[in-house]
Amino acid sequence: MHRCKPLILLGLTLSLPMIGHAQPGISDFYQASSEVRHWYFALSDLVLVLGAIAGILGGLRVYTNWQSGSRHIDAQVMGWFFSCLFLSLTGAFLRGLFGL
């Protein structure tokens, strides 16, 4: 244990300049966080609008195929439904990830 004390003191002495340089990084982090918050709500609204438009177009396409007598519309319905679900859940996931 007595041999480790000089090494620990040397490590702490060498790490002090790194702590001093870490301060500008923290302010950059807060600036980036505020920019993410600023842009996140605008982008999440845009993604939801695009998801709604894609859902409407997908519904019309499935309806057209159903009316024309296509028998394999199940895969189309599932594809459009899960793509819209993915868009909705991605926004919630990113909101939870960044703590917004």
Side-chain angles (χ1 to χ4, degrees):
M1 183 67 185
H2 295 288
R3 292 182 181 174
C4 294
K5 282 186 177 180
L7 291 176
I8 292 172
L9 287 175
L10 180 65
L12 288 174
T13 304
L14 293 176
S15 66
L16 283 177
M18 286 189 234
I19 294 171
H21 290 289
Q23 296 300 325
I26 292 173
S27 65
D28 291 338
F29 176 75
Y30 285 125
Q31 182 181 1
S33 177
S34 67
E35 287 183 19
V36 166
R37 287 180 187 191
H38 175 73
W39 287 102
Y40 176 78
F41 292 109
L43 289 176
S44 67
D45 292 341
L46 177 67
V47 167
L48 288 177
V49 168
L50 289 176
I53 292 171
I56 290 170
L57 291 176
L60 289 174
R61 183 174 175 182
V62 168
Y63 180 75
T64 303
N65 286 337
W66 184 33
Q67 291 298 317
S68 67
S70 179
R71 295 179 186 260
H72 303 288
I73 61 169
D74 295 339
Q76 291 180 359
V77 170
M78 297 302 281
W80 285 103
F81 174 74
F82 282 114
S83 65
C84 290
L85 185 66
F86 174 76
L87 283 175
S88 300
L89 291 179
T90 300
F93 175 74
L94 290 176
R95 182 176 293 180
L97 181 68
F98 288 112
L100 299 175

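All values below come from the heavy atoms of this structure, side chains included, with hydrogens, waters and symmetry mates left out.
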Asks: Starting from L85 and following side-chain heavy-atom contacts under 4.5 Å between hydrophobic residues (I, L, V, M, F, W, Y), which residues can be reached?
Replies: M78, F81, F82, L89
Asks: What heavy-atom pair brings G51 and C84 nearest, and what distance separates the two atoms?
Replies: O-SG, 3.7 Å
Asks: Quick one: side chain to side chain contact (heavy atoms under 4.5 Å, CB included) partners of T90, sequence neighbours excluded?
Replies: F86, L94
Asks: Using the test side chain to side chain contact (heavy atoms under 4.5 Å, CB included), find all partners of Q67 that sit at least two apart in sequence or belong to another chain.
Replies: Y63
Asks: Test side chain to side chain contact (heavy atoms under 4.5 Å, CB included) on T64 and R61 and set out the steps.
Replies: CA-CA 5 Å; T64 303; R61 183 174 175 182; 5.7 Å; no
Asks: What residues join L87 in its hydrophobic cluster, counting side-chain heavy atom gaps under 4.5 Å, either direct or through other members?
Replies: V47
Asks: How would you list all residue pairs meeting side-chain hydrogen bond (donor to acceptor under 3.5 Å, both in side chains) that involve residues 75-87, not counting sequence neighbours?
Replies: N65-Q76
Asks: Tell me who clusters with L60, hydrophobic residues only, linked when side chains sit under 4.5 Å apart either directly or through other members.
Replies: I56
